[in-house]
Amino acid sequence: MIQITDSMLGAFASASLYSKEGKGFEATVIAKFLMPFTSAVWLVTEAEKQKSQDWIFFGYCHILEWEWGYFTLSEIAELELHGITAEVDCELPEGQTVDDCLKSLFCER
């Protein structure tokens with residue numbers, strides 16, 4: 001189960017949708033979600049709370065390939081593969097860019 005902390009909510013609130021437009025791989029990552037034992041990763045750079053209380057995110061993510069896109073917290077939370085569910089990377093260093101995260105994942109863009 002994904003646990004959203006108060007500090008994450010603060011980061012979400014301070015990085016509204018379109019606030020980092022044009023920054024690309026130099027955009028700061030405000031949250032990182034992953035599915036252990038898979039290659040699935042979501043690097044969130046922007047967020048906005050919806051009327052439904054769900055969060056819509058924009059960021060760089062990998063399911064089958066790396067791509068920029070929109071996704072919701074509920075979509076990530078509902079994923080389940082043979083009992084494995086998505087989780088928050090609690091060890092994401094503050095101020096990391098998308099490029100920094102890719103380097104730490106040993107990925108080339």
Side-chain angles (χ1 to χ4, degrees):
M1 183 173 156
I2 295 175
Q3 296 290 327
I4 303 299
T5 65
D6 288 340
S7 65
M8 289 175 71
L9 290 174
F12 295 168
S14 68
S16 61
L17 290 182
Y18 313 109
S19 64
K20 297 180 185 173
E21 194 166 336
K23 291 191 176 189
F25 292 98
E26 295 308 312
T28 303
V29 175
I30 57 174
K32 177 182 171 186
F33 299 98
L34 54 93
M35 283 191 76
F37 312 110
T38 75
S39 63
V41 177
W42 297 263
L43 303 174
V44 178
T45 60
E46 302 170 3
E48 185 174 288
K49 193 166 194 174
Q50 303 297 288
K51 290 180 183 177
S52 65
Q53 301 305 306
D54 197 1
W55 284 91
I56 187 166
F57 299 128
F58 180 78
Y60 201 56
C61 50
H62 183 273
I63 304 294
L64 299 174
E65 64 184 359
W66 284 101
E67 63 184 334
W68 291 98
Y70 294 90
F71 44 94
T72 64
L73 179 59
S74 62
E75 289 172 329
I76 296 170
E78 291 170 3
L79 290 174
E80 186 267 328
L81 178 66
H82 303 291
I84 299 170
T85 58
E87 59 186 52
V88 176
D89 181 352
C90 296
E91 296 181 15
L92 175 69
E94 191 172 329
Q96 289 269 288
T97 65
V98 172
D99 203 35
D100 295 332
C101 288
L102 292 176
K103 287 175 186 171
S104 72
L105 292 168
F106 306 105
C107 295
E108 302 260 341
R109 56 177 165 116

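All figures in this text were calculated on a predicted structure; none of them were measured in a lab. Computed from heavy atoms alone, side chains included, the values below leave out hydrogens, waters and symmetry copies.
- Side-chain atoms of Trp55 and Thr72, non-hydrogen and from C-beta on, never get closer than 4.5 Å to each other.
- Using a 4.5 Å cut-off on side-chain heavy atoms (C-beta onward), Cys101 and Leu92 make contact.
- Using a 4.5 Å cut-off on side-chain heavy atoms (C-beta onward), Glu48 and Gln50 make contact.
- When all heavy atoms are compared, the tightest approach of Ile84 to Pro36 is CG2-O, 3.4 Å.
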- Determine, stepwise, if the pair Trp66 / Leu105 fulfils side-chain contact (heavy atoms from CB on, under 4.5 Å). CA-CA 12 Å; Trp66 284 101; Leu105 292 168; 4.0 Å; yes

- Might you work through the side-chain contact (heavy atoms from CB on, under 4.5 Å) test for Glu87 and Leu34, ending with a clear yes or no? CA-CA 6 Å; Glu87 59 186 52; Leu34 54 93; 3.9 Å; yes

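- Using a 4.5 Å heavy-atom cutoff, the side chains of Val88 and Met8 are in contact.
- Smallest separation of non-hydrogen atoms from Ala86 and Ile76: CB-CG2, 3.4 Å.
- The shortest side-chain heavy-atom distance between Ile30 and Lys20 falls under the 4.5 Å cut-off.
- Between Leu102 and Val98, the closest side-chain pair of non-hydrogen atoms falls below 4.5 Å.
- Each of Met35, Glu75, Lys32, His62 was evaluated against Trp42; a single residue qualifies, Met35, per the side chain to side chain contact (heavy atoms under 4.5 Å, CB included) test.
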- Task: Kindly determine whether Ile4 and Leu73 satisfy side-chain contact (heavy atoms from CB on, under 4.5 Å), including the steps that lead there.
- Result: CA-CA 10 Å; Ile4 303 299; Leu73 179 59; 3.9 Å; yes

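- Between Ile56 and Leu17 the shortest side-chain heavy-atom distance falls below 4.5 Å.
- Taking the centre of each ring, Phe57 and Phe12 come in below the 6.0 Å mark.
- Side-chain contact between Phe33 and Asp89 is absent, with no heavy atoms from C-beta onward closer than 4.5 Å.
- Under the 6.0 Å cut-off for aromatic ring centres, Tyr60 and Phe25 qualify, their centroids lying closer than that.
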